[in-house]
2 protein chains.
Amino acid sequence: MNISQAARQSGLSAKTIRYYEDIELIAPAARSDNGYRQYDAKSLEELRFLARARDVGFDLEESRQLLDLRRDNSRQSRHARDLVMEKSQKLQTRIEQLLSMQRELLVMASRCKGDEGPDCAILEDLSAGQAGES
Amino acid sequence: MNISQAARQSGLSAKTIRYYEDIELIAPAARSDNGYRQYDAKSLEELRFLARARDVGFDLEESRQLLDLRRDNSRQSRHARDLVMEKSQKLQTRIEQLLSMQRELLVMASRCKGDEGPDCAILEDLSAGQAGES
DNA sequence: CCTTGACCTTACAGTTAGTGGAAGGTTTAG
DNA sequence: CTAAACCTTCCACTAACTGTAAGGTCAAGG
């Protein structure tokens, strides 16, 4: 299977697959006589795994750890669970940050008339506001 | 006022202030005889404004637009309001994405025993999962 | 045989919003 | 005289790719 096939079947782009090979996240693909990269069922599985890990929020370093775990037959499922719970915590923190920003935006917007005139509570709030420690 | 003073009073780092000047987000600072950048109350206000805009989630391009509005005496407050509401929408979308990821993580974690053995529902879920369209 | 289009290859630049560090000039205190 | 604490510019690095250029390969159609 050529790279564009592998891309379609994994949900990654061909560019991304080459990039993952470049940074040694996956092993160098086999090559056919013309130099084209070849993918089999096994490598495709890893590509799908990575696509899915990225999808649920893991960054590349974390995805690498997860993939290492998947490859390791003497793994302990506890390690995978730890990675997932830690990520969930990070997401939680980030979500709370975003919610707090959004609340501030909505408060500002509610105080702004939003008409043709120059008086604007938003601009005032942004000027006056104490540096946030959010 | 020198740059580190301006940094302390605005909540930005000195590095960041120089960077903002570099990308022409703010006007080049006045210089004293020795070549040091000088900041007055007016420029400090703009720095604080930028710090606060970034704080509530605007990226640099959006912050630039907001700053332009603040500088424009014939502005219409409607424009500021539009920017804020649009940003709030974007945050909403992002928050929902993160929540959806987190839900998936928690489902996976709940299905994983998390013990010393290699059997792991998380690894299986990541392998099997259909490419998410979240 | 030739061309066209769809593949594939590598390599380099650009994106965001800065941060880190090097190499060197200035100012102030002791 | 020297050390600390400023300041300057410039270059490299981060994450996770994407875009583009220049060129090689392959299958179909005229």
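Throughout, a chain's letter reflects where its sequence line sits, starting with A, and its residues are numbered from 1.
Both A/Leu69 and A/Tyr20 belong to a common hydrophobic cluster when Ile, Leu, Val, Met, Phe, Trp and Tyr are linked at side-chain heavy-atom distances under 4.5 angstrom.
Here C/dT16 presents its P atom at 9 Å from CD of B/Glu61, a figure rounded to the nearest Å. For the pair B/Ile3 CD1 and C/dT27 C1', the computed distance is 17 Å after rounding to whole Å. One interatomic measurement links the two molecules: CZ of B/Arg64 to C1' of C/dT16, which rounds to 13 Å at whole-angstrom precision. Whole-Å rounding puts the A/Ile17 CD1 to C/dC7 P distance at 14 Å.
In this structure, A/Lys90 pairs ionically with A/Glu62, as a charged nitrogen and a carboxylate oxygen lie closer than 4.0 Å. By the 4.0 Å N-to-carboxylate-O rule, A/Glu21 lies too far from A/Arg18 to be salt-bridged with it. At a threshold of 4.0 Å, the pair A/Glu124-B/Arg70 does not count as salt-bridged, since none of the basic side-chain nitrogens sits closer than that to a carboxylate oxygen. Between A/Lys42 and A/Glu46 there is no salt bridge, since no side-chain nitrogen of the basic residue lies less than 4.0 Å from a carboxylate oxygen of the acidic one.
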Between B/Arg103 and B/Glu96, is the salt bridge (Lys or Arg N to Asp or Glu O under 4.0 Å) condition met? List the steps. CA-CA 10 Å; B/Arg103 267 194 306 275; B/Glu96 277 159 18; over 6 Å; no
Verdict with reasoning, B/Arg64 to B/Glu61, per salt bridge (Lys or Arg N to Asp or Glu O under 4.0 Å): CA-CA 5 Å; B/Arg64 186 193 300 272; B/Glu61 186 43 42; 3.4 Å; yes
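Residue B/Arg37 is classed as a sugar-phosphate contact, given heavy-atom separations below 4.0 Å to backbone atoms only.
Residue whose closest nucleotide on DNA chain D sits further toward the 5' end, between B/Tyr39 and A/Asp59: B/Tyr39. Toward the 5′ end of DNA chain C lies the nearest nucleotide of B/Phe58, the other residue of the pair B/Tyr36 and B/Phe58 mapping further downstream.
Within the 3.5 Å criterion, the main-chain N or O of B/Ala6 finds a donor-acceptor partner in the side chain of B/Ser10.
In summary, the side chains of A/Ser4 and A/Asn2 do not present any donor paired with an acceptor at a separation below 3.5 Å, with no hydrogens or angles considered.
Remark: A/Arg31 is in phosphate contact with C/dT10, judged by side-chain N or O atoms under 4.0 Å from OP1 or OP2.
Annotation: the terminal axes of the helix from C/dC1-D/dG30 to C/dG30-D/dC1 meet at 30°, where each axis is the rotation carrying the C1' atoms of four end pairs onto the next four (5 pairs per end, rounded to 10°).
The number of heavy-atom neighbours closer than 6.0 Å to CD of A/Glu24, taken from other residues, nucleotides and ligands shown, is 12 or below.
Two residues are said to be in side-chain contact when any heavy atoms from C-beta on lie closer than 4.5 Å; A/Ser63 and A/Arg54 meet this criterion.
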Sub-3.5 Å pairs of nitrogen or oxygen atoms, protein against nucleotides 18-21 of chain C:
from: C/dG18; atom 1: OP2; to: B/Tyr20; atom 2: OH; distance (Å): 2.8
from: C/dG18; atom 1: OP2; to: B/Arg54; atom 2: NE; distance (Å): 2.7
from: C/dG18; atom 1: OP2; to: B/Arg54; atom 2: NH2; distance (Å): 3.3
from: C/dT19; atom 1: OP2; to: B/Ser13; atom 2: OG; distance (Å): 3.0
from: C/dT19; atom 1: OP2; to: B/Thr16; atom 2: OG1; distance (Å): 2.7
from: C/dG20; atom 1: N7; to: B/Lys15; atom 2: NZ; distance (Å): 3.2
from: C/dG20; atom 1: O6; to: B/Lys15; atom 2: NZ; distance (Å): 3.1
from: C/dG21; atom 1: O6; to: B/Lys15; atom 2: NZ; distance (Å): 2.3

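From the 5' end on, the contacts that DNA chain D makes with chain A at under 4.0 Å to a non-hydrogen atom open and close at D/dA16 to D/dC26.
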